[in-house]
Amino acid sequence: MTSKSDRAKVRSIGKIISKWRKILHLDPIWMINVELIDAETMGGAFARVDTTNSEYYVTTMEINAAILNSEEGEFELLINEIVCHELVH
């Protein structure tokens, strides 16, 4: 079961993606899904982008679930860096 704080962090990821979409001038046609992935599956990566459906303007940003364990201020800094980095791909 996820905590209230974790659910708030997950919601904030969507807002941060929206912010960076505007900053980077990404075409609104893109559908960007977010998926939290178990730390072991990520193999040490903070995040990655699945572009297998990019020809349909659909991508999934896979984020290491361990990031939810970060303190509030640290989480915001990390997720901003991660989202910006992954969207540039």
Side-chain angles (χ1 to χ4, degrees):
M1 183 168 169
T2 59
S3 70
K4 189 174 186 178
S5 173
D6 286 353
R7 289 190 300 272
K9 287 177 180 177
V10 170
R11 282 191 304 275
S12 74
I13 294 170
K15 293 176 184 176
I16 292 168
I17 288 173
S18 294
K19 176 184 93 170
W20 281 105
R21 284 176 74 127
K22 290 176 189 171
I23 291 169
L24 296 171
H25 301 284
L26 295 181
D27 194 321
I29 195 171
W30 278 93
M31 176 176 285
I32 302 169
N33 301 305
V34 175
E35 192 173 322
L36 293 173
I37 306 293
D38 189 68
E40 291 83 36
T41 304
M42 292 297 289
F46 282 122
R48 60 185 176 215
V49 176
D50 177 1
T51 58
T52 55
N53 289 318
S54 62
E55 69 269 16
Y56 301 110
Y57 299 97
V58 175
T59 189
T60 301
M61 187 178 301
E62 299 173 336
I63 298 175
N64 190 324
I67 195 170
L68 296 178
N69 297 329
S70 304
E71 292 184 24
E72 197 66 38
E74 182 184 11
F75 172 80
E76 186 149 347
L77 288 172
L78 280 172
I79 201 64
N80 267 287
E81 288 181 21
I82 288 168
V83 167
C84 177
H85 175 87
E86 295 303 326
L87 290 178
V88 169
H89 285 291

- Item | Spacing of Arg11 atom CZ and Asp6 atom CG [to the nearest 0.5 Å] | 10.5 Å

- Working to the nearest 0.5 Å, report the span between CD1 of Ile17 and CH2 of Trp30. 13.0 Å

- So Glu76 and Lys9, side-chain contact (heavy atoms from CB on, under 4.5 Å) or not? Walk me through it. CA-CA 9 Å; Glu76 186 149 347; Lys9 287 177 180 177; over 6 Å; no

- Message: Would you compute the distance between atom CD of Glu74 and atom CG of Asn69 and round it to the nearest 0.5 angstrom?
- Response: 10.0 Å

- Message: Could you check whether any side-chain heavy atom of His89 comes within less than 4.5 Å of a side-chain heavy atom of Thr51, counting everything from C-beta outward?
- Response: no

- Message: According to a hydrophobic-cluster definition based on side-chain heavy atoms being under 4.5 Å apart (Ile, Leu, Val, Met, Phe, Trp, Tyr only), do Ile67 and Leu77 belong together?
- Response: no

- How many angstroms lie between OH in Tyr57 and CG in Leu26, if you round to the nearest 0.5 Å? 12.5 Å

- Verify the neighbour count for atom CZ of Phe46: are there more than 12 heavy atoms of other residues, nucleotides or ligands below 6.0 Å? no

- For Lys15, does the NZ atom have more than 12 heavy-atom neighbours from other residues, nucleotides or ligands under 6.0 Å away? no

- Hydrophobic cluster identity match, Val49 and Ile32, side-chain contacts under 4.5 Å: no

- Query: Closest heavy-atom contact between Met42 and Ala47?
  - Reply: CE-CA, 3.6 Å

- Message: Once side chain to side chain donor-acceptor pair (under 3.5 Å) is applied, do any residues pair with Asp50, and if so which ones, sequence neighbours excluded?
- Response: Thr52

- Message: Please say yes or no: joined through hydrophobic side-chain contacts below 4.5 Å, possibly via intermediate residues, are Leu68 and Ile37 part of one cluster?
- Response: no

- Message: How close do Leu87 and Arg21 get, counting heavy atoms only, and between which atoms?
- Response: CD1-N, 4.2 Å

- Item | Evaluation steps, side-chain contact (heavy atoms from CB on, under 4.5 Å), between Asn53 and Met31 | CA-CA 10 Å; Asn53 289 318; Met31 176 176 285; over 6 Å; no

- Task: Working to the nearest 0.5 Å, report the span between CD1 of Ile82 and CZ of Arg48.
- Result: 13.0 Å

- Are Val58 and Ile29 connected in a single hydrophobic cluster, I mean Ile/Leu/Val/Met/Phe/Trp/Tyr linked by side-chain heavy atoms less than 4.5 Å apart? no

- Please name all residues satisfying side chain to side chain donor-acceptor pair (under 3.5 Å) with Glu86, sequence neighbours left out, ordered by chain then number. none

- Query: Once you round to the nearest 0.5 Å, how far does OG1 of Thr41 lie from CG of Asn64?
  - Reply: 9.0 Å

- With a 4.5 Å limit on heavy-atom distance, are the side chains of Ile79 and Ile63 in contact? yes

- Decide if atom CD of Glu71 counts as having more than 12 heavy atoms of other residues, nucleotides or ligands within a radius under 6.0 Å. no

- Linking I/L/V/M/F/W/Y whenever any side-chain heavy atoms sit under 4.5 Å apart, do Leu78 and Val88 land together? yes

- Query: Below 4.5 Å, heavy atoms only, C-beta onward: do Ile23 and Trp20 meet side chain to side chain?
  - Reply: yes

